[in-house]
**Q** 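This is the structure I have questions about; it appears just below.
Each chain gets a letter, A, B and so on, in the order its sequence line appears, and its residues count up from 1.
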Number of protein chains: 2
Amino acid sequence: MSTRTTTQITIAQAAERSGLSAHTLRYYERIGLIHPVGRGENGHRRYGRDDLEWLELLTKLRTTDMPIRQMVQYAELVREGPHTAARRRAMLEDHRDAVHAQMTALEEIAAVLDHKISMYTEMENNT
Amino acid sequence: MSTRTTTQITIAQAAERSGLSAHTLRYYERIGLIHPVGRGENGHRRYGRDDLEWLELLTKLRTTDMPIRQMVQYAELVREGPHTAARRRAMLEDHRDAVHAQMTALEEIAAVLDHKISMYTEMENNT
DNA sequence: GTAGACGTTCGAGCGCGCTCTAAGTCAAGG
DNA sequence: CCTTGACTTAGAGCGCGCTCGAACGTCTAC
């Protein structure tokens with residue numbers, strides 16, 4: 001029998017590893033973005049491997065501007081079980097498309113910036 | 001003598017062409033993001049070619065997440081005259097770098113999403 | 001001359017995503 | 001014992017970027 005003691009860490013450590021603040025971690029839990037995390041004897045939160053992986057996904061989605069409401073929805077689907085897999089995949093696909101669109105826009109604008117910058121450089125040389 | 005009557009349009013038209021709301025246009029002017037725009041005899045704003053071009057730049061900077069404070073700073077430099085060109089170029093370069101960083105992050109995450117999506121697809125097929 | 005569409009100013013309000021405060025619990029160390 | 005410090009909760013507050021409302025002015029058509 002394997003006792004499931006998978007590297008339980010404190011909220012401070014989880015904060016440091018995830019790059020989020022302890023405040024934010026509690027906030028995420030409150031709003032249902034994180035499944036209620038386990039507690040130690042003293043009632044303190046203990047974060048395990050899975051929690052950290054989940055946080056990693058969350059931060060990826062956040063940095064690509066997925067709205068929190070959508071992330072909550074995704075989290076709910078995960079909690080509902082495997083039969084929601086198709087819907088989850090659809091959400092990820094939608095988001096991936098959004099990310100692609102974002103990238104296209106960025107590339108276009110980067111080009112415009114390069115153009116403007118070189119115009120400035122030219123101006124500076126022609127004086 | 002050329003009379004300077006360069007296609008003066010109303011705020012509603014400027015809103016439509018720029019994709020911003022009239023409310024937002026006035027707001028941008030209030031906070032110094034747009035140099036005070038000309039007025040018709042009735043006191044109504046009249047937007048010209050230059051204004052529209054400026055708006056176009058603004059929206060590009062916004063969609064690439066340049067903070068409004070920074071854009072205001074840039075606008076101030078423009079108003080101060082040509083001797084600020086070097087500083088303006090520096091700002092654009094900084095922002096271009098930020099955009100590149102953003103793009104890199106997006107690419108990385110898009111890859112992760114693709115991976116997760118294909119895992120879901122696999123799951124669905126193996127049942 | 002009056003309705004209705006469009007414009008003006010000033011200031012308040014809002015949605016998002018945190019961020020922080022206050023008040024309390026608990027454990028370890030001096 | 002008492003302090004220190006990491007944790008807990010509930011709820012208030014904040015910065016950003018708009019967004020909207022109220023009250024009023026102006027132009028056009030009927």
**Q** Could you state the CD-C1' distance from A:Q70 to C:dG17, rounded to the nearest angstrom?
**A**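 Atom CD in A:Q70 sits about 15 Å away from atom C1' in C:dG17.
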
**Q** For DNA chain C, please output the secondary structure as dot-bracket, reading 5' to 3'. Pairs are Watson-Crick or G-U wobble, both atom distances under 3.5 Å; mark crossing pairs with [ ], other-strand partners with |, unpaired with a dot.
**A** ||||||||||||||||||||||||||||||

**Q** Mind checking side chain to side chain contact (heavy atoms under 4.5 Å, CB included) for B:E107 and listing every partner two or more places apart, or none if nothing turns up?
**A**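 In terms of side chain to side chain contact (heavy atoms under 4.5 Å, CB included), with neighbours along the sequence ignored, B:E107 is linked to A:M103.
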
**Q** Just so I know, are the side chains of B:R62 and B:Y28 near enough to count as touching, which here means a heavy-atom distance under 4.5 Å?
**A**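 They are in contact (side-chain heavy atoms under 4.5 Å apart), so the answer is yes.
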
**Q** Find out whether A:H115 and A:M119 are in side-chain contact, i.e. whether some heavy atom of one side chain is under 4.5 Å from a heavy atom of the other.
**A**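 Yes, their side chains come closer than 4.5 Å.
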
**Q** Please report the distance, rounded to the nearest Å, between NE2 in B:H44 and P in C:dC6.
**A**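 After rounding, the reported distance stands at 12 Å.
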
**Q** Write down the distance between CG (B:L61) and P (D:dC16), rounded to a whole number of angstrom.
**A**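 Nearest whole value for this atom pair: 18 Å.
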
**Q** Quick one: A:D65 CG to D:dG17 C1', roughly how many Å, whole number?
**A**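 From A:D65 CG to D:dG17 C1': 14 Å.
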
**Q** Between D:dG17, D:dC7, C:dC18, which nucleotide has the shortest distance from any of its atoms to the side chain of A:R62?
**A**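 Among D:dG17, D:dC7, C:dC18, the one nearest the side chain of A:R62 is C:dC18.
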
**Q** Whole angstrom is fine here: how far is it from OH in B:Y47 over to C1' in C:dT8?
**A**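 Those two atoms, OH and C1', are 12 Å apart.
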
**Q** Between B:H44 and B:T10, do the side chains contain an N or O donor and an N or O acceptor separated by less than 3.5 Å?
**A**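 Side-chain D/A pair, B:H44 to B:T10: absent.
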
**Q** Can a side chain N or O of A:R45 be found less than 4.0 Å away from OP1 or OP2 on D:dT8?
**A**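 Yes, within the criterion.
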
**Q** Give the rounded distance in Å between these two atoms: CD1 of B:I11 and C1' of D:dT19.
**A**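 Answer to the nearest Å: 14 Å.
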
**Q** Taking CD from B:Q8 and P from C:dG7, how many angstroms apart are they, rounded to a whole number?
**A**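 Rounding to the nearest Å, CD of B:Q8 and P of C:dG7 are 14 Å apart.
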
**Q** Give the nucleotide from the list D:dC7, D:dC16, D:dC18 with an atom nearest to the side chain of B:R69.
**A**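 When the side chain of B:R69 is considered, D:dC16 is the closest of D:dC7, D:dC16, D:dC18.
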
**Q** In sequence, state the C-alpha distance, the side-chain angles, and the governing distance for B:I9 and B:L52, and then conclude on side-chain contact (heavy atoms from CB on, under 4.5 Å).
**A** CA-CA 10 Å; B:I9 65 175; B:L52 290 174; 3.8 Å; yes

**Q** If you count heavy atoms of other groups shown closer than 6.0 angstrom to CD of B:E16, is the number above 12?
**A**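 Not more than 12 within 6.0 Å, no.
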
**Q** When you measure from every atom of DNA chain C, which of residues 16-42 of chain B have a heavy atom less than 4.0 Å away?
**A**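 Going residue by residue through residues 16-42 of chain B, the ones with a heavy atom under 4.0 Å of DNA chain C turn out to be B:R26, B:R30, B:R39.
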
**Q** Does B:L77 belong to the same Ile/Leu/Val/Met/Phe/Trp/Tyr cluster as B:I68, with side-chain heavy atoms less than 4.5 Å apart forming each link?
**A**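 Yes, B:L77 and B:I68 fall within the same hydrophobic cluster.
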
**Q** Go through it in stages, so that I can follow the logic: the residues are A:L58 and A:I34, the test is side-chain contact (heavy atoms from CB on, under 4.5 Å), and I'd like the CA-CA distance, side-chain angles, deciding distance and then a yes or no.
**A** CA-CA 9 Å; A:L58 290 187; A:I34 303 178; 4.2 Å; yes

**Q** Could you go through the side-chain contact (heavy atoms from CB on, under 4.5 Å) check for A:V37 and A:W54 one step at a time?
**A** CA-CA 11 Å; A:V37 64; A:W54 179 247; over 6 Å; no

